[in-house]
Every structure is written in C-alpha cells, then in structure tokens.
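Following: one structure in structure tokens, then a few remarks.
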Amino acid sequence: MFFSLLFLGLLMMQAVAANPAKAPREVVYPRPESEHDSRYLYDWEVLRTALEKTRASFGPYELRQARQYMSPARVTAEAAGAGDINVFVRATSAQLEQQFRPVRIPVDRGLIGYRLLLVRHEDLPKFAKVKSLDQLRGFSIGQGKGWVDVDILQAGGFKVVEGNNYDGLFSMLEVKRFDALSRSVDEAYSEYDERHQSFGFEVEPGIALYYPLARYFFTRRDAAGEVLAKRLEAGLEAMVQDGSLQALFMTYKGALIKRSGLARRRLFRIPNPDLPPQTPLARSELWYRPQELAGKR
C-alpha cells in the first residue's frame, strides 16, 4: 500500500513538472494596515473572480492573504523583495509602473478619482460657501504619507498635510491638523459609518473633486509576475465582457455611490500630471461615470 501511494505521488509530481502551466499557483495578496481597515474587500473579490475565470486556460490556483498587517510602503517592499506577496492593488503612477508590472484594467472603474471630503461638523457651513476651485484650495487637505494623491493635490494648488498611518488620519482631522480628509466616494461613507461616532466628522454633502486615476493590480517584473499579470488581464477582460466586473462593482459600491448623490454635487476637476500615457482612458467601458446612477435614485 505504501509503495502504491509513493508511486502515485511520483506520477503526480512528474505530471506537474511536465505541465507547469497546470500546476497550482500560489497567489498571495496583502493584509490591510489594521483590523479596522475594510478598504480592500472588493478588490480581493475581483482578484478571486479573475483567477476563477481563467482556471480552464491557466490551471488551478491557491489564493491566500499575507499573515501580517502592513502599510502600503511595507507592501511595496515585500512585493519588490523576497516577501510572499506577489500581487497587490494600488492607485497607479509612472514610478509605480516602472517598478512593477501593471494590469491596466481599473479594478474600481476609476471611482478612486471621485473624491469627497471628511470634515469636522462645525466646519460644514464654511464648505457650503465654496463655489469655485480657488475657494476650495483655501482649505488644507489630509492624506496618507506617500499616497499618489499627495502629488496630484499639490500640483493642483492644494496644501497637503501627510499622516504617517491610515488610522491616525482620523485623529489628525479631529485635532485640526488639516481641514478636510480627501477620500474616494466609497471610502468616505464606509469610514463615516465605521468611525464618525469616535471622531465626530461628517461627509461634506455638496462638493466632489475629480482627477483621472486608476487602481490596478500589480505584479513583480519577473517571469512569474508576467505570467500572473497575463492571467489577471485575461480574467479581467472576461469580467468586463460578461458584465461580472460591473456587477461586482455595483454590489460593493452601488449603494454608497447612490448615498453620495455624486451626480448632484458641485464637481471640481484638476489634472493628474503623473498619470501614465498608457492609461486606457479611451476605453469608456472600463470607467465609471456619475450619470450611470443618476436615474436610479
């Protein structure tokens, strides 16, 4: 019996070696910054679906999350070095695309570029008076250290105050280190629901800021990373074509977008000077537009 099992095991190993494309592939994605950080749940469901869509053509996979909580800087270091992480999701920049292999299909359909403001309750009347971009530039904006948005906002004429960690930004807003914390539409309301009783902030109800920005999956720039990137490209393209990416987007983001009243807000636009030229802005099917929900409220 023992020798039969041993022989069967050797045959399986030989089969995997002869057909490595069909071997189970371990895909390791990051754990967030803290146990209270729920920002990435949608992204990892998209990742799992893209891998599942390509099971027939690329073979089985093993998907797991890294064991430790880590900051974006730690994620980048782990992915660039000998760490376990071999895929992560991030707002793109020219520098990031040089270091890592981007999968140029926006995971969140560009929703990250639509920004709402978390502000102190007592400051709501000040923001209600804002009618122009120049007036909005009079308020200081909080962001995480090293976030792509920092350079975009600074180039757009805003004073930006950086915080060293994600959770600390809400305390910084409370103690008036800056006037507003800029967050994407879905992040703003999730964070309000999770934290406003502890920190006493509000989602400013009338203003939205927009700049073109994409969040991509990134892999390492090596042979294994290229295979994984091509698999994710194939899976995401399949999701775009069969509507499952849009369906997941609406499942996770739709209620928050409706709640924001995004199509009714005063929308101020600034450019993104660091947006790589390869960004697929011409593919309208990849990008969310506020009008998509305007008639569904």
Side-chain angles (χ1 to χ4, degrees), residues 33 39-40 43 71-73 75-76 88-100 102-119 127 130 132-166 168-170 172-173 177-191 203-204 206-218 253 257 260 262 265-283 286-290:
E33 291 195 57
R39 291 174 291 170
Y40 302 98
D43 304 318
S71 67
V75 169
T76 304
F88 63 95
V89 66
R90 189 75 55 85
T92 195
S93 68
Q95 180 181 358
L96 198 62
E97 292 195 17
Q98 289 176 358
Q99 186 176 8
F100 296 97
V103 179
R104 291 194 182 94
I105 298 176
V107 176
D108 70 345
R109 305 185 65 212
L111 186 65
I112 192 173
Y114 291 93
R115 314 296 293 185
L116 304 185
L117 302 176
L118 303 183
V119 304
F127 285 92
V130 171
S132 71
L133 185 56
D134 280 340
Q135 287 178 308
L136 188 59
R137 289 186 178 112
F139 296 94
S140 58
I141 305 296
Q143 290 288 272
K145 191 172 185 63
W147 288 2
V148 168
D149 311 79
V150 172
D151 290 340
I152 298 171
L153 290 165
Q154 288 177 338
F158 287 91
K159 177 186 176 182
V160 180
V161 178
E162 296 180 69
N164 287 323
N165 66 77
Y166 169 65
L169 288 168
F170 304 98
M172 292 175 69
L173 175 61
R177 291 284 304 279
F178 45 76
D179 298 315
L181 179 57
S182 171
R183 307 300 290 137
S184 69
V185 169
D186 54 326
E187 290 170 335
Y189 281 97
S190 295
E191 291 164 352
V203 181
E204 198 287 326
I207 294 170
L209 184 66
Y210 174 75
Y211 39 83
L213 188 58
R215 293 176 74 248
Y216 296 146
F217 291 124
F218 287 89
K253 315 288 188 183
I257 296 171
S260 76
L262 185 58
R265 288 172 174 264
R266 301 186 300 281
L267 185 65
F268 301 108
R269 299 174 182 269
I270 61 174
N272 178 357
D274 198 31
L275 192 69
Q278 300 92 338
T279 306
L281 295 173
R283 294 188 60 187
L286 300 183
W287 303 90
Y288 168 75
R289 298 289 182 261

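We're numbering straight along the sequence, starting at 1.
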So Tyr288 and Tyr114, would you call those rings parallel, tilted or perpendicular, with 30° and 60° as cut-offs?
-> perpendicular
Measuring only between side-chain heavy atoms, which start at C-beta, is [X] closer than 4.5 Å to [Y]?
| X | Y | value |
| --- | --- | --- |
| Tyr216 | Thr279 | yes |
| Ile257 | Leu111 | yes |
| Met172 | Glu162 | no |
| Phe218 | Glu97 | yes |
| Ile152 | Ile270 | yes |
| Glu204 | Leu118 | no |

Considering all heavy atoms of both residues, which atom of [X] and which atom of [Y] are nearest to each other, and what is their separation?
| X | Y | result |
| --- | --- | --- |
| Asp179 | Ser140 | OD2-N, 2.8 Å |
| Thr92 | Leu96 | CA-CD2, 4.4 Å |
| Gln143 | Val150 | CB-CG2, 3.8 Å |
| Ile141 | Ser182 | CG2-CB, 3.6 Å |
| Leu116 | Ala188 | CB-CB, 4.1 Å |
| Leu117 | Phe127 | CD1-CE2, 3.9 Å |

Is there a donor-acceptor contact under 3.5 Å from the side chain of Trp147 to the main chain of Ala91?
-> no
Counting only N and O atoms by type, is there a donor-acceptor contact under 3.5 Å from the side chain of Arg266 to the main-chain atoms of Val130?
-> yes
N/O donor-acceptor pairs under 3.5 Å from side chains in residues 206-215, not counting sequence neighbours:
residue: Tyr211; atom: OH; partner: Arg115; partner atom: NE; Å: 3.3
residue: Tyr211; atom: OH; partner: Asp149; partner atom: OD2; Å: 2.6
residue: Arg215; atom: NH1; partner: Asp43; partner atom: OD1; Å: 2.9
residue: Arg215; atom: NH1; partner: Asp43; partner atom: OD2; Å: 3.4
residue: Arg215; atom: NH2; partner: Asp43; partner atom: OD2; Å: 2.8

Decide side-chain hydrogen bond (donor to acceptor under 3.5 Å, both in side chains) for Arg137 and Ser132; before the verdict, give the C-alpha distance in whole Å, the side-chain angles of both, and the deciding distance to 0.1 Å.
-> CA-CA 9 Å; Arg137 289 186 178 112; Ser132 71; over 6 Å; no
Thr76 and Gln99: CA distance, side-chain angles, deciding distance, side-chain contact (heavy atoms from CB on, under 4.5 Å) verdict | CA-CA 10 Å; Thr76 304; Gln99 186 176 8; 4.1 Å; yes
Centroid-centroid under 6.0 Å between Phe100 and Phe88 rings = yes
Within a radius of less than 6.0 Å around CZ of Arg177, do more than 12 heavy atoms belonging to other residues, nucleotides or ligands occur?
->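 For Arg177, atom CZ is not crowded (no more than 12 foreign heavy atoms under 6.0 Å).
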Taking atom CD of Gln278 as the centre, does the number of heavy atoms from other residues, nucleotides or ligands within less than 6.0 Å exceed 12?
-> yes
Donor on one side chain, acceptor on other, Arg183 and Ser190, under 3.5 Å |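 Per modelled atom types, Arg183 and Ser190 side chains form no pair under 3.5 Å.
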List the steps, then state whether side-chain contact (heavy atoms from CB on, under 4.5 Å) holds for Arg269 with Leu133.
-> CA-CA 8 Å; Arg269 299 174 182 269; Leu133 185 56; over 6 Å; no
Residue pair Asp186, Ser184: steps toward the side-chain hydrogen bond (donor to acceptor under 3.5 Å, both in side chains) verdict | CA-CA 6 Å; Asp186 54 326; Ser184 69; 2.8 Å; yes
